[in-house]
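The structure appears below as structure tokens.
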2 protein chains.
Amino acid sequence: MINKEEYRTRILLTASRIFSHYGFKKTTMEEISRALKKGKSSIYYYFGSKEEIFEAVVLYEANQLRTQLRAAMKEVDSPTDKLRNYIFVRMRAFEKLSNYYNAVFDKNLDHYEFIEKIRSKYDREELAILRLLVYLGNSRGIFDVKDSEYTAMAIQTMLKGMEVPLFWRRREIDINNRLNAILNLIFDGINKRP
Amino acid sequence: MINKEEYRTRILLTASRIFSHYGFKKTTMEEISRALKKGKSSIYYYFGSKEEIFEAVVLYEANQLRTQLRAAMKEVDSPTDKLRNYIFVRMRAFEKLSNYYNAVFDKNLDHYEFIEKIRSKYDREELAILRLLVYLGNSRGIFDVKDSEYTAMAIQTMLKGMEVPLFWRRREIDINNRLNAILNLIFDGINKRP
DNA sequence: GAAATTGTAGACCAATCGGGTCGGAAATTC
DNA sequence: GAATTTCCGACCCGATTGGTCTACAATTTC
């Protein structure tokens with residue numbers, strides 16, 4: 001290992017994989033260390049606690065998501081497509097991350113606060129993006145909304161609404177359908193009628 | 001609940017879902033009972049132990065697989081397609097069941113024996129099916145093999161070979177490719193050259 | 001409607017698990 | 001070869017968990 005930071009990242013990536021599958025509680029330090037072919041105590045040389053690893057993972061995943069979203073939006077040009085891509089990538093990501101949430105909401109309210117902090121920061125970012133997209137579409141004459149701010153908030157509310165059944169109940173089939181329905185709703189309510 | 005057997009099945013189905021996700025060890029009785037909205041001790045009225053539930057689940061899944069395989073083979077007519085369908089369904093099933101195996105191989109060699117018993121019985125069934133398919137294709141003039149028995153065994157060996165990386169390493173991407181490669185290999189080596 | 005049976009669950013127990021510590025052994029650096 | 005960095009086996013101790021037991025609903029039987 002060349003330096004400490006690099007190894008921290010390696011641990012983080014491994015832990016992330018296991019966390020995302022089993023959730024926080026069911027993932028053991030022994031497991032993480034075994035996957036890294038290291039002794040359990042060695043991990044403690046790089047991270048102070050299991051929670052610390054978890055926080056690092058969440059932070060990492062948040063940045064990861066940010067990058068993905070940026071890429072997905074860059075991929076297309078029209079505000080419609082940008083918004084569509086944004087929503088798809090976002091929901092897919094949350095779907096994948098549902099195990100983290102299961103873990104967090106399990107009992108330990110300690111993490112809850114931490115997650116909420118990241119969450120609220122992320123919410124603000126998201127709102128800004130949505131606002132921009134709505135504004136952009138509006139000024140290009142594709143959308144027709146009075147107030148970008150509140151429309152953006154409304155969209156965000158819908159997205160948040162979709163998270164709940166995603167995390168708390170297990171449906172595999174209709175996620176895509178529901179996503180498309182949401183998208184149709186948004187666009188049919190937002191597109192300028194010809 | 002009308003009768004005991006029916007409730008046993010309900011428990012079994014619920015447990016199956018949780019086992020398949022978390023594996024034997026990480027699944028707790030409390031979890032199973034909570035999912036059933038029952039007290040933990042109530043479960044022990046229907047099953048003697050966690051292992052007993054696990055065994056019932058494995059048995060159930062084995063029968064499930066049997067049914068699926070039968071259906072997949074009935075779906076098509078030519079021996080080629082039957083064999084192709086058989087292999088696809090089989091490998092997909094094993095992929096899904098990998099968590100059970102992870103659980104079993106974890107440490108507890110107690111289960112190992114039980115699983116091996118089911119396994120060997122299943123292996124014999126599988127061999128019979130493969131033998132029949134090869135024989136069928138042969139007699140229809142589609143295949144051209146000398147010895148159905150040994151050819152069937154060879155195919156089974158290949159299938160078993162595919163299980164290993166499936167369970168022990170985590171690849172998502174190339175499973176399909178490898179499956180197709182295996183199929184091509186089997187058929188190109190088996191089809192009568194025109 | 002009493003008695004027996006079937007089903008449920010809370011309190012509890014013993015064993016194991018698992019996060020975390022510590023002292024010191026390897027390995028690496030200087 | 002001393003100092004520093006990295007690693008780990010052994011241990012600690014509180015939490016978890018499979019399983020038991022008893023009391024007690026609910027239902028069925030008589």
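Side-chain atoms are counted along with the backbone in the values below, which use heavy atoms only and exclude waters and symmetry mates. Letters A, B, ... mirror the listed sequences (proteins, then strands); counts begin at 1.
Atom CD1 of B/Ile11 is separated from atom C1' of C/dT8 by 12 Å (rounded to the nearest Å). In this entry the distance linking CD1 of B/Ile43 with P of D/dT17 reads 16 Å, nearest Å.
Taken over five-pair windows at either terminus, the axes of the helix from C/dG1-D/dC30 to C/dC30-D/dG1 are inclined to one another by 30° (rounded to 10 degrees).
No donor-acceptor distance shorter than 3.5 angstrom exists from the side chain of B/Lys40 to the backbone of B/Ser33, with no hydrogens or angles considered. A donor-acceptor contact shorter than 3.5 Å links the side chain of A/Arg8 to the backbone of A/Tyr46.
One finds the CD1 atom of A/Ile129 at 10.0 Å from the CD atom of A/Gln156 (value rounded to the nearest 0.5 Å).
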Worksheet item: Does the salt bridge (Lys or Arg N to Asp or Glu O under 4.0 Å) test come out yes or no for A/Arg10 and A/Glu6, once each step is laid out?
Response: CA-CA 6 Å; A/Arg10 241 186 89 193; A/Glu6 192 171 327; over 6 Å; no
Worksheet item: Where along nucleotides 9-28 of chain C does protein come under 4.0 Å, by heavy atom, of base (B) or sugar-phosphate alone (S), with - for untouched nucleotides?
Response: BB-------SBBBB------
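Taking 4.5 Å as the limit, some side-chain heavy atom of B/Lys38 sits within range of a side-chain heavy atom of B/Tyr7.
Screening B/Arg90, B/Arg131, B/Lys121, B/Arg66 for a side-chain hydrogen bond (donor to acceptor under 3.5 Å, both in side chains) involving B/Glu126 leaves a single residue, B/Arg90.
A sub-4.0 Å separation between OP1 or OP2 of D/dT6 and a side-chain N or O of A/Tyr45 is present.
The shortest non-hydrogen separation linking B/Phe24 to B/Lys50 is O-NZ, 3.0 Å.
Heavy-atom contacts from other residues, nucleotides or ligands closer than 6.0 Å to OH of B/Tyr122 number more than 12.
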